[in-house]
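Heads up: the structure comes next, in structure tokens.
Excluded from the calculations below are hydrogen atoms, water molecules and symmetry mates; all remaining heavy atoms, backbone and side chain alike, are included. Given the structure is predicted, the values throughout are model-derived calculations rather than measurements. All residue numbers in this chain count up from 1 along the given sequence.
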Amino acid sequence: MASNKFEVTLEKIVSLCKRRGFVFPSAEIYSGLNGVYDFGPLGVTLKQNIKKLWLENMQKWPEDVVQLDGAILGAESVFKASGHIDNFIDPMVDCLNCKKRFRSDELDLDKPCPSCGIKNWTEVRQFNLMFKTEVGAMTGQGNFGYLRPETAQSIFINFKNVLSSTRVKIPFGIAQIGKAYRNEITPKQFLFRMREFEQMEMEFFCKGENADKFFDTWVERRSQFYKDLGLDQKKVRLRPHEKDELAHYSKHCIDVEYEFPFGFKELEGIANRTDYDLSQHIKHSKKDLSVFDTDKNESYVPHVIECSVGVERLFLTILFDAYREDEVEGESRTLLKLSPKIAPITAAILPLSKKLSENSKKIYEQLKFNGFKVQFDESGSIGKRYRRQDEIGTPVCLTYDFDSEKDQKVTVRNRDTLKQERISIDQIEKYLKDLLQK
Ligand code: ATP
């Protein structure tokens, strides 16, 4: 196996995702909807695996982290209180010549338009990123709702419900995985900046005096998560926000950044949001969201540490990180070096000849029945079938040949080392379970 130099580009990832059924541009047959994507069979599984690992990681610590699945459609009053109606804005500018629209903070307005080369800008305007919609049959009555721009607000407004309906005690967290919508001015870089995406957010409620300690704890835990995921640590960095970059409610914020081909960019934000969110909702709803401290005999408003990452942004990061090109026996191959825990397919069952289909298919069906993510592929040369599996990141292929009929063994071929070993058919499940534990 010769490992040759290769460059991973956004174009290569986009093309692989489409070719192999990970991600499709939404409404493609109608020329698409910008910033919106549909996930194909392998993409769905990859996303599910990412979400499962995230949740397991959130819930393995000594403190309780419970789940919430809040509504996507949010009341205007919620986003008034949260500040999104007034402050969730990006500055926007249009080119009067080519009519292209840009975020003005990403441009030098003293220079001509990067699209048409002519300098003829409109005034900078503030653009709210929330999708607004009318609720109910009576239009024009001013009953507005918003597609949530983050999952966090439904956690804050349900904080008291969770506290009073479960046995959790402060400090504890509420985790939520769900859709969020932002009418980004310039959706770009494929899954990096979308208009409809999923977030994995955890809001951790604690006493104010413990907030700094828990902030450090969560930064440490989240960094370890990305190490355990196998991301190339040379490409991961923690970037504390500068004072002038901090949101007004945030005391401390650290971004976990990944080095994409288009530079180091935010993957996850970890923030000490103080008691801002609950205080805002107390002020606007006039409901008491404070907690009684029996030691001090007084009420207090909990502080919040937030960990927030986009499912698709992590999906894209994982693909960039796993992408390889090399040469095997004079032929080039593309592979995704995905961890078995993340890979959409754990093993492919490949009969060497169509004559061996019947018995090898029984192995496949049994594995499938027992919950393993497996594929059966009998078309094309064995080399071609290996390449197909390499490209979607399948860690092992199990080849069933004529000897298998006699010795009841299959050949396991490893995606990364290309090493081959014979194992008994009745040992396959144990072999795959061990692989998934790694
Ligand atoms: P950015 O500066 O990249 O716009 P942000 O600081 O606005 O991000 P947050 O509001 O902190 O992002 O959102 C938390 C996480 O949600 C981000 O770290 C990112 O992983 C994800 N995310 C935010 N906006 C998008 C988007 N438009 N498309 C995909 N994922 C997103």
Side-chain angles (χ1 to χ4, degrees), residues 26 36-39 43-61 63-82 84 88 129-133 135-136 144-183 191 194-206 218 221-222 225 267-271 273 277-278 280-281 284-285 287 289 291 302 304-315 342:
S26 195
V36 182
Y37 292 90
D38 296 331
F39 286 77
V44 172
T45 315
L46 181 52
K47 263 179 137 186
Q48 281 166 347
N49 293 348
I50 290 172
K51 291 188 260 188
K52 182 167 174 278
L53 279 187
W54 180 86
L55 188 63
E56 278 170 8
N57 194 273
M58 278 295 153
Q59 295 189 313
K60 73 179 198 183
W61 308 107
E63 308 87 27
D64 281 322
V65 172
V66 293
Q67 284 193 84
L68 183 85
D69 185 7
I72 287 171
L73 196 56
E76 189 164 35
S77 43
V78 171
F79 298 115
K80 189 77 197 151
S82 68
H84 282 91
F88 198 54
L129 299 182
M130 281 198 298
F131 284 98
K132 186 174 183 177
T133 186
V135 181
F144 294 113
Y146 293 83
L147 297 185
R148 63 182 179 189
E150 59 176 29
T151 71
Q153 294 308 320
S154 54
I155 298 181
F156 300 134
I157 59 177
N158 278 295
F159 159 72
K160 243 339 192 359
N161 284 337
V162 172
L163 197 62
S164 61
S165 60
T166 64
R167 298 190 52 78
V168 290
K169 293 226 160 40
I170 286 187
F172 76 97
I174 303 180
Q176 180 166 206
I177 302 175
K179 291 270 190 184
Y181 298 80
R182 296 184 185 181
N183 199 1
L191 307 181
M194 307 160 79
R195 289 189 167 134
E196 171 176 321
F197 56 100
E198 264 186 291
Q199 284 187 315
M200 301 185 281
E201 295 196 296
M202 195 279 301
E203 309 297 327
F204 191 80
F205 299 90
C206 61
W218 281 105
R221 288 174 181 174
R222 298 305 299 149
F225 174 74
L267 170 60
E268 167 161 350
I270 306 166
R273 299 178 65 107
D277 305 282
L278 290 180
Q280 280 297 103
H281 288 299
H284 286 256
S285 69
K287 298 282 177 339
L289 304 179
V291 174
V304 169
I305 307 301
E306 173 182 84
C307 306
S308 174
V309 54
V311 176
E312 294 86 353
R313 210 175 268 188
L314 181 52
F315 184 114
I342 287 281

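The pair Glu63-Arg221 meets the salt-bridge criterion, with a side-chain N (NZ, NE, NH1 or NH2) lying under 4.0 Å from an Asp/Glu carboxylate O. A salt bridge does not link Glu268 to Arg313: none of the charged nitrogens lies less than 4.0 Å from a carboxylate oxygen.
Atom CZ in Phe39 sits 5.0 Å away from atom CG in Leu191 (nearest 0.5 Å). The CZ atom of Phe172 sits 6.5 Å away from the OG1 atom of Thr166 when rounded to the nearest 0.5 Å. Taking OH of Tyr181 as the start and CD of Gln199 as the end, the distance is 11.5 Å to the nearest 0.5 Å. Taken to the nearest 0.5 Å, the CD1 atom of Ile50 stands 13.0 Å off from the NZ atom of Lys52. To the nearest 0.5 Å, the span separating CZ on Phe156 from CD on Glu150 amounts to 7.0 Å. Here CG of Leu53 is found 6.0 Å from CD of Glu56. Values are rounded to the nearest 0.5 Å.
Taking every heavy atom of both residues into account, Arg182 and Phe131 meet most closely at C-CE1, 3.5 Å. The two residues Glu201 and Ile155 have their closest heavy-atom pair at O-CD1, 4.3 Å. Across all their heavy atoms, Glu306 and Ala152 have their closest contact at OE2-CB, 3.6 Å. Contact detail for Val168 and Leu163: the closest heavy-atom pair is O-CD1, 3.7 Å. Gly43 approaches Phe315 most closely through the heavy-atom pair O-CE1, 3.5 Å. Residues Ile170 and Pro302 share a closest heavy-atom pair of CD1-CG, 3.5 Å.
Counting non-hydrogen atoms of neighbouring residues, nucleotides and ligands closer than 6.0 angstrom, the CG atom of Asn161 exceeds 12 such neighbours. Within a 6.0 Å radius of NZ in Lys179, other residues, nucleotides and ligands contribute more than 12 heavy atoms.
Exactly one residue among Asn57, Leu314, Thr151, Leu55 makes a side-chain contact (heavy atoms from CB on, under 4.5 Å) with Met200. That residue is Leu314. Of the options Glu203, His281, Arg148, a side-chain hydrogen bond (donor to acceptor under 3.5 Å, both in side chains) to Gln153 is made by His281 and by none of the others.
Side-chain N or O atoms of Gln280 include one that pairs as donor or acceptor with a backbone N or O of Ala81 at under 3.5 Å. Glu312 places a side-chain N or O within donor-acceptor distance of the main-chain N or O of Glu198, the cut-off being under 3.5 Å.
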Margin query: Trp61 vs Trp218, test: side-chain contact (heavy atoms from CB on, under 4.5 Å). Steps then yes/no.
Written below: CA-CA 10 Å; Trp61 308 107; Trp218 281 105; 3.6 Å; yes
Note to self: Between Ile174 and Phe205, does the side-chain contact (heavy atoms from CB on, under 4.5 Å) criterion hold? Intermediate values first, please.
What the structure shows: CA-CA 8 Å; Ile174 303 180; Phe205 299 90; 3.9 Å; yes
Margin query: Quick one, Lys287 with Lys160, criterion side-chain contact (heavy atoms from CB on, under 4.5 Å). Give me CA distance, side-chain angles, the key distance, then yes/no.
Written below: CA-CA 10 Å; Lys287 298 282 177 339; Lys160 243 339 192 359; over 6 Å; no
Note to self: Using side-chain contact (heavy atoms from CB on, under 4.5 Å), reason through Arg195 and Asn183 one step at a time and then give a plain yes or no.
What the structure shows: CA-CA 5 Å; Arg195 289 189 167 134; Asn183 199 1; 3.4 Å; yes
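Under 3.5 Å, the side chains of Ser154 and Gln176 contain a donor-acceptor pair of N or O atoms.
For Phe88 and Phe79, the ring centers sit 6.0 Å or farther from each other.
Contact of the Cys307 side chain with the Met58 side chain is registered, since non-hydrogen atoms from C-beta on lie closer than 4.5 Å.
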